[in-house]
Amino acid sequence: MTLHLEKIEFPLQPDPVDVEGLKLLLGSLHFRHLDVGSCNACDNELIALGGPHYDMQRLGIDCVASPRHADVLMLTGPVSRNALAAVYETYSGTPLPRLVIAVGTCACSGGVFAGSYAVFNGAREVVSVAISIPGCPPSPDEILAALTAGLKSYCTLNAI
Amino acid sequence: MLKQLWIALTNRGVVGTSDTLTPGNLNMTGKPVIADPCCNGCGACVAACPAVALRMSQKSGSEKAPAVLQIAHGRCIGCARCIQACEPKCLAFRPGTDTWYVGGDDEWQPLNAREGK
């Protein structure tokens, strides 16, 4: 089944807000990390998050290999054009409720690559982003703060 | 990294306060804040920013109002070069892990807009 990217309108529409589903994320958050053109600094910070020093698993946060198992997509990198199909298929394959978190300045705004012919200027040009974590790279502390306090703030803002 | 550490240490957290840096908040990450409202609009910080995250905005309306320094949080990488470049020493580096923001839009905001959010 061929994917016709030119027929899809980006940025993809945001999902309807599922308040009860979002509340569950505060206790257990399984994310799928997708590297869309990153220099891998942000990826290494995410790996450090899983290590013994920062240990995200003690908070119920875990990295999963399949987007089918994921609650959250962590995008790193400025979303290169070559990775657009991957973003679309990963995002489409993630069951609801799902959120997208942009990790790193590149995913927030394009970063050092902003304006390049080869990238979109950040994840917000492609999907609807729930939380953005600027930094080059953001330290694991910042990512943890976004996954705990930021998620709580997002849930409060959307639980109207 | 060492330079940023020096800046953070000598500024004792936020200039003008009695914040001290403890191992809990001794972090390379944070954002610039205006600690001393003596900005003269020289724009040295804007030129020093490698991420094009600062700008001087004249949208205050009247000519009497000084130019407002604005930051795009989605572009700031926390390198603290703007604090180094500031001559009247009105910028300070506020270490912290709460640089996240909800949503994907990083519109230009005044520098202290997110304090105490």
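Chain identifiers are assigned alphabetically (A, B, ...) following the order of the sequence lines, protein sequences preceding nucleic acid strands; residue numbering begins at 1 within each chain. Predicted model, so just to flag it, every value in this text is computed and none were measured.
Within 6.0 Å of CZ on A/Arg81 lie more than 12 heavy atoms contributed by other residues, nucleotides or ligands. Taking a 6.0 Å sphere around OH of A/Tyr54, one finds it holds more than 12 heavy atoms contributed by other residues, nucleotides or ligands.
Of residues 93-116 of chain A, those residues lying under 4.5 Å from chain B by any heavy-atom pair are A/Thr105, A/Cys108, A/Ser109.
A continuous path of Ile, Leu, Val, Met, Phe, Trp and Tyr side chains, each step under 4.5 Å between heavy atoms, connects A/Leu157 with A/Val72, placing both in one hydrophobic cluster. Linking ILVMFWY residues whenever their side-chain heavy atoms come closer than 4.5 Å, directly or via other members, places A/Tyr154 and A/Leu59 in the same cluster. Both A/Tyr91 and A/Ile8 sit in one connected hydrophobic cluster of ILVMFWY residues. Membership requires side-chain heavy atoms under 4.5 Å apart, directly or through other members. Linking Ile, Leu, Val, Met, Phe, Trp and Tyr whenever their side-chain heavy atoms come within less than 4.5 Å puts A/Phe31 and B/Val102 in one cluster.
Counting only residues at least two apart or on different chains, the salt bridge (Lys or Arg N to Asp or Glu O under 4.0 Å) pairs with a member in residues 111-138 of chain A are A/Arg124-B/Asp106.
Here the rule is side chain to side chain contact (heavy atoms under 4.5 Å, CB included) with B/Trp100, and of A/Ser153, A/Ser132, A/Pro138 only A/Ser153 fits it.
Residue B/Thr99 holds its OG1 atom at 9.5 Å from CD1 of A/Ile143, rounded to the nearest 0.5 Å.
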